[in-house]
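Read through the structure below, which is laid out as structure tokens, and then see the notes.
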4 protein chains.
Amino acid sequence: MVREASALGARRLQATEGVLPHSVVTEGTRGRILDAALRLFAEAGYAGTSIREIAAASGVQSASLYAHFPSKEHILAELAKIGHNEHHRALRAALLESDPSPANQLAAVVRAHVLMHTELSMLAVVSNTELHSLSPEMAAPVMATRDSSVQLIQEVIQRGVDLGAFDPPHVWLAVAAIGAMGIRVANWFTSDFELGAEEVADVYAEFALRIVNSQDR
Amino acid sequence: MVREASALGARRLQATEGVLPHSVVTEGTRGRILDAALRLFAEAGYAGTSIREIAAASGVQSASLYAHFPSKEHILAELAKIGHNEHHRALRAALLESDPSPANQLAAVVRAHVLMHTELSMLAVVSNTELHSLSPEMAAPVMATRDSSVQLIQEVIQRGVDLGAFDPPHVWLAVAAIGAMGIRVANWFTSDFELGAEEVADVYAEFALRIVNSQDR
Amino acid sequence: MVREASALGARRLQATEGVLPHSVVTEGTRGRILDAALRLFAEAGYAGTSIREIAAASGVQSASLYAHFPSKEHILAELAKIGHNEHHRALRAALLESDPSPANQLAAVVRAHVLMHTELSMLAVVSNTELHSLSPEMAAPVMATRDSSVQLIQEVIQRGVDLGAFDPPHVWLAVAAIGAMGIRVANWFTSDFELGAEEVADVYAEFALRIVNSQDR
Amino acid sequence: MVREASALGARRLQATEGVLPHSVVTEGTRGRILDAALRLFAEAGYAGTSIREIAAASGVQSASLYAHFPSKEHILAELAKIGHNEHHRALRAALLESDPSPANQLAAVVRAHVLMHTELSMLAVVSNTELHSLSPEMAAPVMATRDSSVQLIQEVIQRGVDLGAFDPPHVWLAVAAIGAMGIRVANWFTSDFELGAEEVADVYAEFALRIVNSQDR
DNA sequence: AATGAATGAGAGTTCATTCAT
DNA sequence: CATGAATGAACTCTCATTCAT
């Protein structure tokens, strides 16, 4: 059975909920703008969304947006920052709470990676696919966070290799592959999926352990 | 070591060559339009590219585009069709030429999947990330091809499971994960990578076999 | 002596003044847009007038028009509405103020009809010759008003027939003929004409009474 | 009962047949172009019709039009010439064939005027409402013909006045009114009308005689 | 904070016309 | 005669942004 439904055109993601993380203040007009922009950017992309559409979805006039953000680009930058910070925070928290064994660490980190992409799928899609619309200056801090997250996963795997617990054919490719499969989850996951987010995360953790050929799983 | 360079803003792909497959005619103005549009869509996205930019990169006036394509959307549709057809053709050819053993089949298909994303990375990026810009009617045939490709991989894995050769925790998730990791290759692969395309394909084939826990690898 | 001058090409109307009725607010940018559009539509037609010409004649940029009207078509619709409303209002007022005798009523209505076409000749020309440029939806309310005006004249004549005061060879044709001759006045009347508007109106009222063979004139 | 139907938007004329006079050669591509242009100009106006639409309706490419006419304007000029020539020819023929009495002459001329507007309504509408789209140079010969036709009617009426047979309140206004009522017939007449063209022409001839207060009718 | 009006630039598309074939 | 391709100009309309209120 093929999963990704072909009805109604190609959607960039299936989810319609789970917009901004609770940790970010969403109240007030500024919050409504971020929320509206996130939904629209996720659906139609940054370039495909107009400032007037964001305004309309926020219940204000377009001129009012400029009382909260200096430009359209700053809205995207804020969303991307929130997204990548949230992602990085989740990875770090998972690592902190896990057993020191490489297998446990990798499983924990991959689970966090996947769960972030199921729970905040809009934010993940926008943060991952719209970065190129930011100027280098505005993209830089976000990319630093992203690189830092990649490095975190890479260090977990490298440690497993160094300790003889993992044996991937190529460390960086393993990081790339494991990262990639988690990122794509945001594009198809919905609460209607036959498995819950936790179960999907478990399966993907198992995939990651297999990729690195973990001795202990 | 983190691979994806953070300089000069976030690029959607690293490759600057490997545009259209040799199998499609690229001669004449129509070909130059497709070629130019592909490069621009890959870099800046469909909505972020103007008809005048495509024209300028094709060496004609914007009005001349309309002698070859009835609308901007038709250019994207043509590119997406070429991309997904080429992808599907590569998967089918790989399957036809491989040994009938499930492991050989999966390795062959994954290698073809990855190689397509290294050799035609621009086409792959555009075909995968800009489909949402097509109207449902124009997207439909392309999505049908895409679904068909997903199904092909799924059938290979399912056959391995049925024959007792594979043991993935979840068939469809394995398909999703294997597909995802290959798709992402288009975003970072360049001929400057420390491994060649063939080597990357081999490593990813190994990843796939591990994901399905192939007995024979 | 032939009246309609042949110099300088065929003008659609001779008048250069008498644009919008005093009853409609003409102040502000919106008013200037309506005024400018009316002059241009009268001269060159709706399709022959560009949004930039309207903007230039209004003293704003073309984009600013869209703060006042959602489309070029809406400008024409507004003008046509004003024109037909003003026409209908004039006919009704004339009927209300006239003696109840059929001859007096017909004379009053025809005078109002003609005077409207001398005083608001631009509005009359545009309202009568550009309706076909409106979509059916936007034309509908205007055409309802127009039909209502035709009916008003028809009822006056029918009443005269029923009372034995009029004897036209065909009621509806009499309405059509009387209406037509008044409408055309907008195309040639100017303040330079050897007769004033009132005198022309009197003559046309006499024509109308003759057409219906009024016993009392 | 109100005649002019309000359904389907405001049409500029009701007739869908009766395009070009038999006297004009309509065969070959040139004829098909004239025919197509006439229908389109009648429906949407000169400025509202594109050269490509004319070409499509003629069954050729737009470039082919230029093998037959040097510009779009020349097509309109040709149609307007045909229309006004046909009109003038009809008036002159009617005058030649009629009794020398002023009443007979006026009736004959008005009948011809009206019949031309019923039989060649498209040509009449275009010739009358699109002249302003011609440059002064191209409009001049057509307008000369038109003026000549007006003068013909005027001379008939003036002769009636001089002979004591007619008594209009104002000669030129009588010409204008009689001309106007006939011109408008083209906008509403169809073969579905309750009266035939001949009957309408008879009624309008009667209207004209009444307008000039003919002693003999 | 929020707005309505305004702007210059640019969007996708169509225009009438030309030209080599 | 007819065409497909091309053009420069122009089309209606939308863009992100500004500003006085």
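Excluded from the calculations below are hydrogen atoms, water molecules and symmetry mates; all remaining heavy atoms, backbone and side chain alike, are included. From a predicted model like this one, the values you see are computed outputs, not experimental measurements. Lettering of chains follows the sequences in order, A, B, ..., and the numbering in each one begins at 1.
Mapping Val60(A) and Leu65(C) onto DNA chain E by nearest heavy atom places Val60(A) at the nucleotide closer to the 5' end.
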Quiz: residues 126-138 of chain B side-chain donor-acceptor pairs under 3.5 angstrom, not counting sequence neighbours:
from	atom 1	to	atom 2	distance (Å)
Ser127(B)	OG	Leu123(B)	O	2.7
Asn128(B)	ND2	Ala124(B)	O	3.1
Thr129(B)	OG1	Val125(B)	O	2.7
Glu130(B)	OE1	Tyr46(B)	N	3.3
Glu130(B)	OE2	Arg12(B)	NH1	3.1
Glu130(B)	OE2	Arg12(B)	NH2	2.8
His132(B)	ND1	Thr129(B)	O	3.3
Ser135(B)	OG	Glu73(B)	OE2	3.1
Ser135(B)	OG	Glu137(B)	OE1	3.3
Ser135(B)	OG	Met138(B)	N	3.4

Quick one: side chains of residues 51-69 of chain B, donor-acceptor pairs under 3.5 Å with protein atoms, not counting sequence neighbours, listed by atom name and distance.
from	atom 1	to	atom 2	distance (Å)
Glu53(B)	OE1	Ser50(B)	N	2.8
Ser58(B)	OG	Ile54(B)	O	2.6

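Pairs engaging residues 55-67 of chain C under the salt bridge (Lys or Arg N to Asp or Glu O under 4.0 Å) rule: none recorded [sequence neighbours left out].
For Ile54(B) and dG12(E), the CD1 to P distance is 7 Å, given to the nearest whole Å. Spacing between atom CD of Glu27(A) and atom P of dA1(E) amounts to 14 Å, rounded to whole angstrom units. Taking atom CZ of Phe69(D) as the reference point, atom P of dA2(F) lies 12 Å away to the nearest angstrom. Rounded to a whole Å, the CZ atom of Arg30(B) is 15 Å from the P atom of dG4(F).
Nearest heavy-atom pair across Ala37(C) and Ile75(C) is CB-CG2, 3.5 Å. Of all heavy-atom pairs spanning Ala77(D) and Val142(D), the tightest one is O-CG2, 4.4 Å.
Applying the side chain to side chain contact (heavy atoms under 4.5 Å, CB included) criterion to Asn85(D), with sequence neighbours excluded, gives Lys81(D), Thr145(D). Partners of Arg32(C) under the side-chain hydrogen bond (donor to acceptor under 3.5 Å, both in side chains) rule, at least two apart in sequence or in another chain, do not exist in this structure.
His68(C) has no side-chain polar atom (N or O) that falls below the 4.0 Å cut-off from OP1 or OP2 of dG4(E). The phosphate of dA2(F) (OP1 or OP2) has a side-chain N or O of Thr29(D) nearer than 4.0 angstrom. Within the structure, a side-chain polar atom (N or O) of Ser64(D) is placed less than 4.0 Å from OP1 or OP2 of dT3(F). In terms of phosphate contacts, Gln61(D) brings a side-chain nitrogen or oxygen within less than 4.0 Å of OP1 or OP2 of dG4(F).
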*How far apart are the C-alpha atoms of Arg11(C) and Glu43(C), what are their side-chain angles, what is the distance that settles it, and do they pass the side chain to side chain contact (heavy atoms under 4.5 Å, CB included) test?*
CA-CA 7 Å; Arg11(C) 307 275 301 282; Glu43(C) 190 74 26; 3.1 Å; yes

*Base-pair map of DNA chain F as dot-bracket, where | denotes pairing with a different strand and pairs are Watson-Crick or G-U under 3.5 Å*: .||||||||||||||||||||

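Looking only at side-chain heavy atoms (C-beta outward), Leu120(D) and Leu20(D) stay at 4.5 Å or farther from each other.
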*asked:* Can you build the contact string for nucleotides 14-21 of chain F? Use B for base contact, S for sugar-phosphate-only contact, and - for no protein heavy atom under 4.0 Å.
replied: BBBBBB--

